[in-house]
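Not measured: the values here are computed from a predicted model. Below, chain A is the first sequence line, B the second, and so on; all start at residue 1.
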Amino acid sequence: MSATKAKVAVHKFSSCDGCQLAFLNMGEDLLALFDQVDIIHFAEAGPLNREASVDISFVEGSLSTPEDIHRIKKIREKSRYVTTIGACATAGGLQALRNVAQQDDWIQSVYATPQYISSLDQVMPIHEQIAVDFELRGCPVNTRQITAVLRSLLNGVTPVNEQDKVCMECKRQHEVCAMVARGLPCMGPVTRAGCGALCPGVGRDCYGCYGSAENANTASLGGRFHLLRLNQNQVRHRFVSFNGADPVFASAGSMGTGKND
Amino acid sequence: MHSPLRNFLPRNNFSELLTALSDGGYRCLAPKVCDGAIVYKELPSQDTLSTGISIHQAPGSYRVEITDSARNFGWSNGPQGLKPLVFKSRETLWSVRRDTNGQMTFTESAAEPDPVAIIGVRSCDLAALALQDKHFLNNHNRDSHYQTRRASLFLVAVNCTHPSDTCFCASTGDGPTAQDGFDLLLDELDDGFVIRAGTEAGEKILETLPVDPVAPEQAEAISRQNQRARECQTRRLPSRNLEQALFENLEHPRWRTVAQRCLSCANCTSVCPTCFCYSEQDTGTLDFTRSEHVREWDSCFTQGHSYIHGLTIRADTKLRYRQWLTHKLGSWHSQYGRSGCVGCGRCISWCPVGIDITEEVTAIVSAET
Ligand code: SF4
Ligand code: SF4
Ligand code: SF4
Ligand code: SF4
Ligand code: SF4
């Protein structure tokens with residue numbers, strides 16, 4: 001990039017802050033990062049300057065309140081590139097589960113003074129309100145993904161869109177397939193790669209936290225889960241958990257997002 | 001050219017073979033049950049082979065059972081053959097460094113010779129290795145990484161006595177008894193092994209072993225069990241050469257119905273001992289001083305495999321499954337003079353939804369649609 005350092009902001013919406021840790025966990029690479037860019041806004045790490053114009057904005061979290069919509073539009077105006085990080089920003093996250101529940105009942109039962117709650121009817125991933133240049137999936141995303149995107153953007157090249165299935169990474173690591181050898185209902189065959197097959201690597205089934213892969217055959221996998229003796233509800237829960245607003249998983253869970261059923 | 005059946009190694013002398021291999025400079029990889037399947041693992045010296053393993057394979061299913069049999073090899077195969085030992089699932093081909101003056105230095109990474117003996121290699125996997133040799137060691141373009149690792153292998157094969165329901169090597173002509181491609185070949189009996197050499201390296205090891213002559217009953221028992229292993233196989237391919245039949249049926253409706261089940265997940269190509277597709281990419285450090293050019297296993301079931309400058313040629317599963325089958329069982333003949341399938345059955349067992357290659361191809365090339 002140019003002689004002046006690129007300016008970077010990290011913003012947060014409705015989320016657990018876990019994806020931002022992918023920056024803080026960089027270890028020695030953090031020093032390299034500070035050499036390459038100026039971090040203008042990153043509340044979790046210190047710098048605060050929400051309104052500044054930047055080259056790259058990373059956005060964590062989903063849109064839950066009217067104020068969120070106003071703020072994300074501002075961020076878009078002030079950013080050359082917007083990259084969403086994680087399941088919340090990209091596909092709704094856990095909180096998008098409320099899209100399929102009776103929200104008013106919940107608010108009444110959870111909050112002592114519900115009249116102060118102002119929230120949107122539907123939790124929205126960022127791309128539903130603004131144009132997003134690049135989306136990173138995962139709950140949470142990892143440092144390798146962040147580094148790869150940063151390198152590409154700083155070099156002026158389009159980041160690689162990792163969209164193969166988790167099974168590809170699983171087999172490259174020579175994990176024994178948990179579904180075939182132990183009958184576990186693994187989501188790997190429909191889930192997007194990027195985590196390095198973390199769960200099969202520790203002997204358990206993938207639960208789909210990276211959202212849907214390209215060309216995902218959810219109907220066939222759902223059928224397979226039934227043969228593994230999961231009931232209808234259990235199959236739905238496999239598909240709609242972390243990525244409730246991922247259209248492919250949402251329609252496989254046949255509970256829709258309000259837009260995709 | 002193999003020596004005839006004249007060397008019997010009693011079971012309690014088997015460790016002599018392991019010692020001879022380790023004295024010969026080889027580390028030993030032997031079959032072990034790990035995470036519910038048989039995998040090749042380093043065998044520490046003084047350790048013994050697992051006994052009594054029995055394997056049950058069916059479409060989409062693999063189960064291990066431990067019996068009280070004293071035999072070491074009374075099972076068929078695990079999720080991987082020899083492929084990961086020679087064609088690494090992920091490796092750096094070259095790397096580049098940039099110094100403070102902007103000067104770039106490129107370094108090719110070479111595979112290190114690592115003499116390794118594999119105990120219990122199956123006939124199908126020897127045939128698959130021969131096919132991978134044709135691909136990676138062809139005269140125009142030798143893959144040095146593959147070549148170094150291939151030269152490091154010492155193969156102790158064993159004739160199969162207990163094929164799985166998914167095995168169909170008898171129909172492809174690649175098993176269950178090995179014809180060549182091994183350094184040593186074992187026939188397992190209850191009380192020991194008949195052992196013969198297929199190479200000079202094998203002969204050298206064999207010479208050092210305390211063997212007895214083979215009794216006529218032992219020779220008969222071996223020929224009986226080998227015949228049983230051949231005859232018990234129920235799956236088969238319709239013919240050894242399906243190239244024409246497949247390419248005459250490119251619009252068969254079965255491609256569509258199999259695509260409804262297929263997850264396009266690439267488990268079949270990953271476990272297939274002959275599949276050789278890979279992709280290459282660069283991974284670099286954040287300070288822009290270093291990057292590595294990496295290749296890793298790819299598959300005709302991914303989108304990227306058929307992506308060419310803005311166009312994905314095989315966007316849907318029907319075309320991807322058709323590519324896999326028409327290449328594996330069809331155009332492989334034009335490319336390498338034989339089918340790319342050695343009948344190991346892995347793509348059947350390890351397919352999460354149990355798609356059976358023998359069933360699909362039979363439906364596609366059979367007369368009625
Ligand atoms: S364990 Fe899961 S991710 Fe791994 S190969 Fe099996 S289905 Fe795919
Ligand atoms: S294996 Fe699946 S659930 Fe586990 S981290 Fe990866 S994508 Fe998420
Ligand atoms: S196509 Fe299937 S049966 Fe044939 S060699 Fe490959 S994995 Fe084995
Ligand atoms: S396919 Fe044949 S050689 Fe391979 S494991 Fe089965 S019986 Fe043995
Ligand atoms: S045939 Fe089976 S293993 Fe192969 S891509 Fe399709 S579902 Fe996956």
Side-chain angles (χ1 to χ4, degrees), chain A residues 1 26 28-37 143-144 146-148 150-152 154-155 160-186 188-191 193 200 203 213-221 223-225 227-228, chain B residues 33-40 57-64 78-80 84 88-90 259-271 279 281-289 291 296-299 301-305 312 314-317 320 346 349-355:
Chain A
M1 247 184 168
M26 274 183 183
E28 272 180 31
D29 268 356
L30 259 186
L31 299 177
L33 179 68
F34 291 138
D35 277 347
Q36 301 293 331
V37 305
T143 300
R144 185 195 58 75
I146 299 272
T147 308
L150 266 169
R151 267 182 55 90
S152 299
L154 294 176
N155 261 333
V160 175
N161 181 15
E162 295 181 87
Q163 53 174 355
D164 290 345
K165 279 111 194 173
V166 171
C167 294
M168 291 291 290
E169 298 184 305
C170 188
K171 292 295 92 167
R172 285 189 203 115
Q173 284 158 211
H174 310 310
E175 309 299 350
V176 172
C177 177
M179 184 137 63
V180 168
R182 289 184 291 139
L184 297 179
C186 187
V190 294
T191 301
E214 66 90 30
N215 193 26
N217 190 344
T218 51
S220 178
L221 189 65
R224 178 72 187 143
F225 288 169
L227 294 177
L228 293 174
Chain B
V33 175
C34 202
D35 299 331
I38 294 214
V39 292
Y40 291 118
Q57 299 194 59
S61 167
Y62 185 102
R63 292 291 181 276
V64 177
Q80 288 291 348
K88 290 280 170 193
S89 55
R90 187 177 163 87
Q260 287 165 355
R261 296 170 61 210
C262 176
L263 303 165
S264 190
C265 67
N267 270 292
C268 47
T269 57
S270 299
V271 297
S279 59
Q281 57 236 261
D282 298 283
T283 60
T285 56
L286 209 43
D287 63 4
F288 297 99
T289 59
S291 98
E296 55 184 20
W297 289 358
D298 197 5
S299 164
F301 284 97
T302 69
Q303 179 271 339
H305 192 272
T312 301
R314 293 184 290 273
D316 67 23
T317 307
R320 296 184 195 176
R346 287 189 178 94
S349 308
W350 297 99
C351 170
V353 289
I355 292 171

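The shortest side-chain heavy-atom distance between A:R151 and B:F288 falls under the 4.5 Å cut-off.
Between chain B and the options A:M26, A:M179, A:Q36, heavy-atom pairs under 4.5 Å are most frequent for A:Q36. Listed options B:A37, B:G60, B:S61, B:P79 were ranked by heavy-atom pairs under 4.5 angstrom with chain A; first place goes to B:G60. Contact count versus chain A (heavy atoms, under 4.5 Å) is highest, among B:R90, B:R63, B:K88, for B:R63. Comparing B:G284, B:A266, B:C262, B:A315 by heavy-atom pairs within less than 4.5 Å of chain A, the highest count is held by B:G284. Of the residues considered (B:Q80, B:Q57, B:E296), B:E296 shows the highest number of contacts with chain A, using heavy-atom pairs under 4.5 Å.
Using a 4.5 Å cut-off between heavy atoms, B:A58 does not touch chain A at all. With a 4.5 angstrom heavy-atom cutoff, B:Q260 touches chain A only via backbone atoms. Looking at B:D298, the atoms closer than 4.5 Å to chain A (heavy atoms on both sides) sit in the backbone and in the side chain alike. Proximity to chain A is limited to the side chain of B:V39, based on heavy atoms less than 4.5 angstrom apart.
Heavy-atom minimum distance, B:S349 versus A:V180: O-CG1, 3.2 Å. Taking every heavy atom of both residues into account, B:C265 and A:P189 meet most closely at CB-CB, 4.0 Å.
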Notebook entry, point to check: Can B:D287 and A:D35 be said to form a side chain to side chain contact (heavy atoms under 4.5 Å, CB included), step by step?
Noted result: CA-CA 8 Å; B:D287 63 4; A:D35 277 347; over 6 Å; no
Note to self: Set out, in order, the CA-CA distance, both residues' side-chain angles and the distance that settles side chain to side chain contact (heavy atoms under 4.5 Å, CB included) for A:N215 and B:F301, then state yes or no.
What the structure shows: CA-CA 10 Å; A:N215 193 26; B:F301 284 97; over 6 Å; no
Note to self: Between B:L263 and A:K165, is the side chain to side chain contact (heavy atoms under 4.5 Å, CB included) condition met? List the steps.
What the structure shows: CA-CA 10 Å; B:L263 303 165; A:K165 279 111 194 173; over 6 Å; no
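One distance of note links OG of B:S270 with CD of A:E169; it measures 11.5 Å at 0.5 Å rounding. Atoms OG and NZ, on B:S89 and A:K171 in that order, are 11.0 Å from each other to the nearest 0.5 Å. One distance of note links CD of A:E214 with CD of B:Q303; it measures 5.5 Å at 0.5 Å rounding. Atom-to-atom distance recorded for B:L286:CG and A:E28:CD is 12.5 Å, nearest 0.5 angstrom. To the nearest 0.5 Å, atom CG of residue A:D164 and atom OG of residue B:S279 are 8.0 Å apart.
For the pair B:R261 (side chain) and A:S220 (backbone), a donor-acceptor distance under 3.5 Å is absent. A:R224 places a side-chain N or O within donor-acceptor distance of the main-chain N or O of B:P352, the cut-off being under 3.5 Å.
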